[in-house]
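Report on the following structure.
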Amino acid sequence: MAIKVFSFFFFVYLLVEMHEISAMVPAVIVFGDSTVDPGNNNQISTVLKSNFAPYGRDYFGGQPTGRFSNGRIATDFISEAYGIKPAIPAYLDPKFDIRDFATGVSFASAGTGYDKATSDVLSVIPFWKEMVYYKEFQDKLRGYLGNDIANHHLSESLHLISIGTNDFLENYYPFPTRSSEYPVDKYEIFLIGIANNFIRELYNLGARKIAISGLPPMGCLPLERTTNIMHGSACIEEYNDVAKDFNQKLQDSVTELNWELGGIQLVMSNPYYKLLEMIQNPILFGFENVATACCGTGYFEMSYMCDRMNPFTCSDANKYIFWDSFHPTEKANFILADHAFKTTLTVFR
């Protein structure tokens with residue numbers, strides 16, 4: 001009972017603190033995978049969806065939206081922290097139009113990666129197609145605001161990129177194609193090359209404020225721990241080491257791009273150590289369960305295996321870091337967003 005009360009007041013304290021910070025950017029524009037997809041996959045033909053209960057049970061009105069969480073995702077909280085709006089809409093959602101997208105929009109697709117081969121695994125939107133949608137959005141924005149105002153708006157908007165985990169966990173390690181082509185360190189370089197080209201294209205299209213996220217301790221995701229049963233379901237340290245190595249390469253690349261592209265403000269947000277801290281010291285954040293997820297048994301359920309018919313789903317997601325076997329709970333998303341906002345994203349405040 002004491003832990004539950006502590007968890008509640010800690011969450012309320014962080015919410016109040018973030019709400020007091022005023023907006024400094026006019027919009028948050030998002031690219032990436034399921035960590036930042038608010039429902040684009042609802043509109044495409046793929047098995048990787050989450051627009052059904054119990055997903056979204058703690059979202060506004062208790063409605064599933066396509067977010068892979070029990071509530072909001074990190075980019076929603078970042079938008080709110082800037083004083084813009086409490087949730088960022090999906091670009092493909094027909095309920096929204098350019099009036100909504102002008103203050104924030106997400107082109108992200110759950111299951112995608114830097115590598116086009118990753119998006120092919122579950123037939124989701126490839127990363128390059130997110131850029132196509134962004135260009136389309138720019139045209140609509142110019143029609144809505146006029147060229148000069150739209151160009152200024154885009155240069156001041158924060159462009160967020162969160163992607164990469166699927167390239168390893170849904171592509172490189174499960175299937176032999178990429179792993180036979182590249183040793184893992186060369187695959188990291190291949191992916192970062194794609195990231196660099198994407199950032200250069202954003203820059204050429206007028207973006208100046210860009211944040212790119214590194215990888216989490218992906219060996220500690222419940223699904224990966226489940227496959228490590230021979231070692232007591234501990235985190236897979238090989239995967240964590242790859243994440244740390246990738247993050248260092250990405251940080252080096254960010255440093256180089258800041259020198260190369262005049263006038264850009266490019267930062268790397270690293271979720272690795274904050275999430276690992278939550279996993280290693282859960283009581284400090286009011287969590288009780290770190291190895292398994294809230295939904296279902298917590299070992300392997302995700303998407304359609306995590307539905308309203310599953311009798312094992314927990315009653316209080318705030319006790320868990322992970323909502324399903326791959327994705328954080330709303331509370332964990334909030335803590336990660338708050339950390340990013342107060343560290344790497346301070347340059348944009």
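Below, all heavy atoms of this structure are taken into account, side chains as well, without hydrogens, waters or symmetry copies.
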Counterpart residues, ring pair (Phe, Tyr, Trp, His ring centres under 6.0 Å), relative to Y320 (two or more places apart): none
Straight-line distance of K319 NZ to N289 CG, nearest 0.5 Å: 10.0 Å
Short side-chain to backbone donor-acceptor contact, E130 and G32, under 3.5 Å: yes
SG(C314) to SG(C294) below 2.5 Å: yes
Show me the donor-acceptor pairs, under 3.5 Å and distance only, between side chains in residues 84-97 and residues at least two apart or in other chains.
| residue | atom | partner | partner atom | Å |
| --- | --- | --- | --- | --- |
| K85 | NZ | D100 | O | 2.6 |
| K85 | NZ | T103 | OG1 | 3.0 |
| K85 | NZ | G104 | O | 3.1 |
| Y91 | OH | E136 | OE2 | 2.4 |
| Y91 | OH | K140 | NZ | 3.1 |
| D93 | OD1 | K95 | N | 3.0 |
| D93 | OD1 | K95 | NZ | 3.2 |
| D93 | OD2 | K95 | NZ | 2.8 |
| D97 | OD1 | R99 | N | 3.0 |
| D97 | OD1 | R99 | NE | 3.3 |
| D97 | OD2 | R99 | NE | 3.2 |
| D97 | OD2 | R99 | NH2 | 2.6 |

Criterion side-chain hydrogen bond (donor to acceptor under 3.5 Å, both in side chains) on Q248 and D252, from CA distance to verdict: CA-CA 6 Å; Q248 184 57 59; D252 293 343; 3.0 Å; yes
ring-ring contact (aromatic ring centres under 6.0 Å, His included) between F31 and F127, worked out: CA-CA 8 Å; F31 307 88; F127 192 43; 7.2 Å; no
Distance in Å, N166 CG paired with S34 OG, rounded so as to fall on 0.5 Å steps: 5.5 Å
Main-chain N/O of I335 paired with K274 side-chain donor or acceptor, under 3.5 Å: no
Modelled atom types, side-chain donor and acceptor of R225 and N228, under 3.5 Å: no
Nearest heavy atoms of D167 and Y114, plus distance in Å: OD2-N, 2.8 Å
Verify same cluster id: W323, I73 (apolar side-chain graph, 4.5 Å): no
Chi angles and distances behind the side chain to side chain contact (heavy atoms under 4.5 Å, CB included) call for L257, S253: CA-CA 6 Å; L257 287 170; S253 179; 4.1 Å; yes
Heavy-atom neighbours of N147 CG exceed 12 at 6.0 Å: yes
Side chain T255, main chain Q251, donor-acceptor under 3.5 Å: yes
Ion pair check, K135 and E201, cut-off under 4.0 Å: yes
Check: P176 main-chain N/O paired with S180 side-chain donor or acceptor under 3.5 Å: yes
Aromatic ring proximity F168/Y239, centre distance under 6.0 Å: no
Spatial distance of atom OG1 (T329) from atom CG (D58) [nearest 0.5 Å]: 9.0 Å
Which residues share a ring pair (Phe, Tyr, Trp, His ring centres under 6.0 Å) with F322, sequence neighbours left out: none
Beyond-backbone contact of I264 with N258, side-chain heavy atoms, under 4.5 angstrom: yes
Pair S109, N41: side-chain N/O donor-acceptor within cut-off below 3.5 Å: yes
Ion pair check, E181 and K186, cut-off under 4.0 Å: no
Criterion side-chain hydrogen bond (donor to acceptor under 3.5 Å, both in side chains) on Y273 and E277, from CA distance to verdict: CA-CA 6 Å; Y273 293 104; E277 181 187 5; over 6 Å; no
Side-chain (N51) to main-chain (T65) donor-acceptor, under 3.5 angstrom: no
Between CD1 on residue I279 and CG on residue L221, distance to nearest 0.5 Å: 7.5 Å
Output field: ring centroids F341/F77 closer than 6.0 Å: no
Aromatic centroids of F326 and F68 separated by under 6.0 Å: no
From CD (E170) to CZ (F175), nearest 0.5 Å: 8.0 Å
T343 side chain vs H339 backbone, donor-acceptor pair below 3.5 Å: yes
Candidate pair Y187 and N171, rule side-chain hydrogen bond (donor to acceptor under 3.5 Å, both in side chains), full reasoning: CA-CA 11 Å; Y187 189 59; N171 181 4; 3.3 Å; yes
Contact list for residues 300-314, test side-chain hydrogen bond (donor to acceptor under 3.5 Å, both in side chains), sequence neighbours left out: T297-E301
H327 and T35: CA distance, side-chain angles, deciding distance, side-chain hydrogen bond (donor to acceptor under 3.5 Å, both in side chains) verdict: CA-CA 7 Å; H327 303 99; T35 57; over 6 Å; no
K249 vs D185 side-chain heavy atoms within contact, under 4.5 Å: yes
Indicate every side-chain donor-acceptor pair of residues 208-218 with a distance under 3.5 Å to a residue at least two apart or in another chain.
| residue | atom | partner | partner atom | Å |
| --- | --- | --- | --- | --- |
| R208 | NH1 | Y203 | O | 2.8 |
| K209 | NZ | E156 | OE1 | 2.9 |

Under 3.5 Å: donor-acceptor pair, side chain of D37, backbone of N40: yes
Residues E330, R67: salt bridge by 4.0 Å N-O rule: no
Listed partners of T226 passing side chain to side chain contact (heavy atoms under 4.5 Å, CB included), at least two apart: Y299
Side-chain donor-acceptor pair present, Y134, Q138, cut-off under 3.5 Å: yes
Audit row: S157, I29, side chain to side chain contact (heavy atoms under 4.5 Å, CB included) steps and yes/no: CA-CA 7 Å; S157 294; I29 299 170; 3.9 Å; yes
Side chain to side chain contact (heavy atoms under 4.5 Å, CB included) assessment of L154 paired with R142: CA-CA 10 Å; L154 290 166; R142 292 189 174 99; 4.0 Å; yes
